[in-house]
Amino acid sequence: MSSKVRVRFAPSPTGPLHIGGVRTALYNYLFAKKHGGDFLLRIEDTDQTRFVAGAEKYIIESLAWCGISPDEGIGGEDRGNGPYRQSERKPMYRQYVDQLLADEKAYIAFDTADELDAMRQLAKDAGAANWQYNYITRGNMKNSLTLPKEEVEAKIAAGEPYVVRIKLPRNHEVRFEDTIRGWVSVNTNNMDDKVLFKSDGMPTYHLANIVDDRLMGITHVIRGEEWLPSAPLHVMLYEAFGWECPIFAHLPLLLKPDGPGKLSKRDGDRLGFPVFPIDWHNEETGETASGYREFGFFPGAFINMLALLGWNPGTEQEIFDLQGLIEAFDLSKVSKSGAKFDFEKGKWFNQLYLRALNEDQLAAELKKELDKEGLAYNEAHLGKIATMMSERATFPQDLLTEGQFLFSAPTEYDEKTASKKWTADSAGMMQDLALRFSALDDFTEEHIEASFKAYLEEKELGFGKVGPSFRLAVTGKGMGPSMFTICEVLGKDEVLARIEKAIAVLG
RNA sequence: GGCCCGUUCGUCUAGCGGUCCAGGACGCCGCCCUUUCACGGCGGAAACACGGGUUCGAUUCCCGUACGGGUCACCA
């Protein structure tokens, strides 16, 4: 049997992690747990210019909210493979670069970024598709392949900046088997001699990633499809080092709900849904990007939705908790094509999770919302109210907003209902009802209903004649839950006061 | 544009040569329940991109076209 499964999620701390990243982390986690393996979190911060303060903390907090905790690495244990931030591993990479250089699998290049830009522009102006630093062009560039050895040494000694590039063989078919996509093959003629080591002494992603995965014993590389084009380069690197390749699995991307392209932060703003797991506060601009947590999502619903975006269990089951996902997860059931993100489906999951809560849990959710708004309430009624409102709520805050009238008397009356249902007789009928209610000793749902119905019978009135205006008087609305439950919760005094007020306002 | 990857209802998807006049879910529509709304129940409309092969037989295999996506930095 092969060695223990070890996977990693390796984001760069350049900003908030978006939901595509969360899904990648989730799949890695599920895969690891399914196979009794380890899930590591590594921070790939080799680009100091793009570092964003707080991003690492955000990533850890986001994953924690989702119920994902790294076994090893950042936010997890140090099991002797650290450090787990590439910036802190800086001294470790040099020897690998030197090894490649010594084996002539890489070479030193002195061309500056400006020179390269100029070269690319020149090629573009000449109508060339795209310029590459490869087996053809490298012969005309300033590098250790073209310059005399003494000159190269002199330049280095003089402190002239340089990079190290991989030396790709000509016309070599690079093949690897992707778990999700099957065999992928690319000819080195279509690849270029990517920079492995930057002039600032830092490795590029490509080099650091391969070295770290090797050193950390990573067995499976599960990442987004945007990495597929560089996978052949990575394969060549493993080959250059003489190392065995991990198993690759490139995940389909999350796409915009409407137009073309992958899901971006802009889409969330434009279409009104979050693209981040939790709120992100941009310290520079002072802006806040909205997150699922603050939007009112339950982590379970969020994870459930994300898991099913690009993967399916092969059965018709759609509701899974984390443990269920771990048991059902299988890379072979991950789809190949990108998934357009559908927020509506996400809402449906949340609604389901909300309704699965028991009365006490619902009451606790409602209490949180009330406290947030600083509203007064009778604790004893919370369970009843929350349960009553839960069937028309998708998010915890709906428990409150949909039943606002339970906590404060209506200040205005729904116009449509008022004009249609509040007739000349309404005030009189409300007066009658008030009189009857005031005589009730036991102001409970059953008694209120009985009293109400007795009144209808006595006056030979239909429900539709009195009900709507009664609701309007007490709640200010034309629709909602059972009036009798509402009245019990409000209490006799409040109901009577509201009826009186409605008569005064509506006439 | 080069290279790579993909293409089943509006959306997420099942399907791994006959069981498919294609199944589930979200959304949408209708009916029932209900004083109303919601919930719930029942039902409906809705898809194999196109063209060639291979095969007795293609949604399923192969090729091409179209379309979609990704990627082409001393960013990850």
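Labels below follow one simple rule: chain letters A, B, ... track the order of the sequence lines, proteins then strands, and each chain is numbered from 1.
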Under the side chain to side chain contact (heavy atoms under 4.5 Å, CB included) test against A/H206, which residue among A/L233, A/V211, A/V195 passes?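 One option only clears the test, and that one is A/L233.
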Scan A/N190, A/N187, A/L168, A/V174 and name whichever one has a side chain to side chain contact (heavy atoms under 4.5 Å, CB included) with A/P232.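 Filter result, single survivor: A/V174.
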Taking only the side-chain nitrogens and oxygens of [X], find out if one of them lies under 4.0 Å from OP1 or OP2 of [N].
X      : N     : answer
A/N312 : B/A14 : yes
A/K198 : B/C75 : yes
A/T204 : B/C74 : no
A/R355 : B/G40 : yes
A/K340 : B/G68 : no
A/R120 : B/G1  : no
A/T46  : B/A76 : yes

Suppose we define a pair by two distances each less than 3.5 Å, Watson-Crick or G-U wobble; what does [N] pair with here?
N     : result
B/G43 : B/C29
B/C9  : none
B/U55 : none
B/U35 : none
B/U60 : none
B/G1  : B/C72

Starting from [atom2] on [N], measure out to [atom1] on [X] and report it in whole angstrom.
X      : N     : atom1 : atom2 : result
A/L255 : B/C12 : CG    : P     : 8 Å
A/E316 : B/A14 : CD    : P     : 12 Å
A/Q132 : B/G1  : CD    : P     : 17 Å
A/N134 : B/A73 : CG    : P     : 12 Å
A/F405 : B/A38 : CZ    : C1'   : 12 Å

Proximity to the side chain of [X] - top-ranked nucleotide from [options]:
X      : options             : value
A/Y205 : B/A38, B/A76, B/C3  : B/A76
A/V184 : B/C5, B/C12, B/U71  : B/C5
A/K262 : B/U71, B/G10, B/C74 : B/U71

Hey, could you give me the CD1/OG1 distance between A/I448 and A/T485, rounded to the nearest 0.5 Å? 8.5 Å
What contact category does [X] fall into here, base, sugar-phosphate, or nothing, at under 4.0 angstrom with non-hydrogen atoms?
X      : result
A/D178 : nothing
A/K333 : sugar-phosphate
A/M483 : base
A/G464 : nothing

What's the gap between [N] and [M] when it is taken at their [atom1] atoms, as a whole Å value?
N     : M     : atom1 : result
B/C4  : B/G44 : C1'   : 43 Å
B/C48 : B/C3  : C1'   : 29 Å
B/A14 : B/C9  : C1'   : 13 Å
B/U11 : B/G68 : C1'   : 15 Å

Base [N] to side chain [X], donor-acceptor N/O within 3.5 Å cut-off:
X      : N     : answer
A/R181 : B/C5  : no
A/K194 : B/A73 : no
A/D342 : B/C12 : no

Looking at A/F110, is A/K155 sitting on its ring face, NZ or CZ under 6.0 Å from the six-membered ring centre and within 45 degrees of the normal? yes
Tell me whether A/R94 forms a cation-pi arrangement with A/F197, defined as NZ or CZ under 6.0 Å from the six-membered ring centre and within 45 degrees of its axis.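 Verdict for A/F197: a cation-pi partner in A/R94.
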NZ/NE/NH1/NH2 to OD/OE distance under 4.0 Å, A/E445 and A/K384: yes
Less than 3.5 Å apart, any donor N or O on the side chain of A/D212 or A/Y93 sitting next to an acceptor on the other?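 Judged by distance alone, the side chains do pair up.
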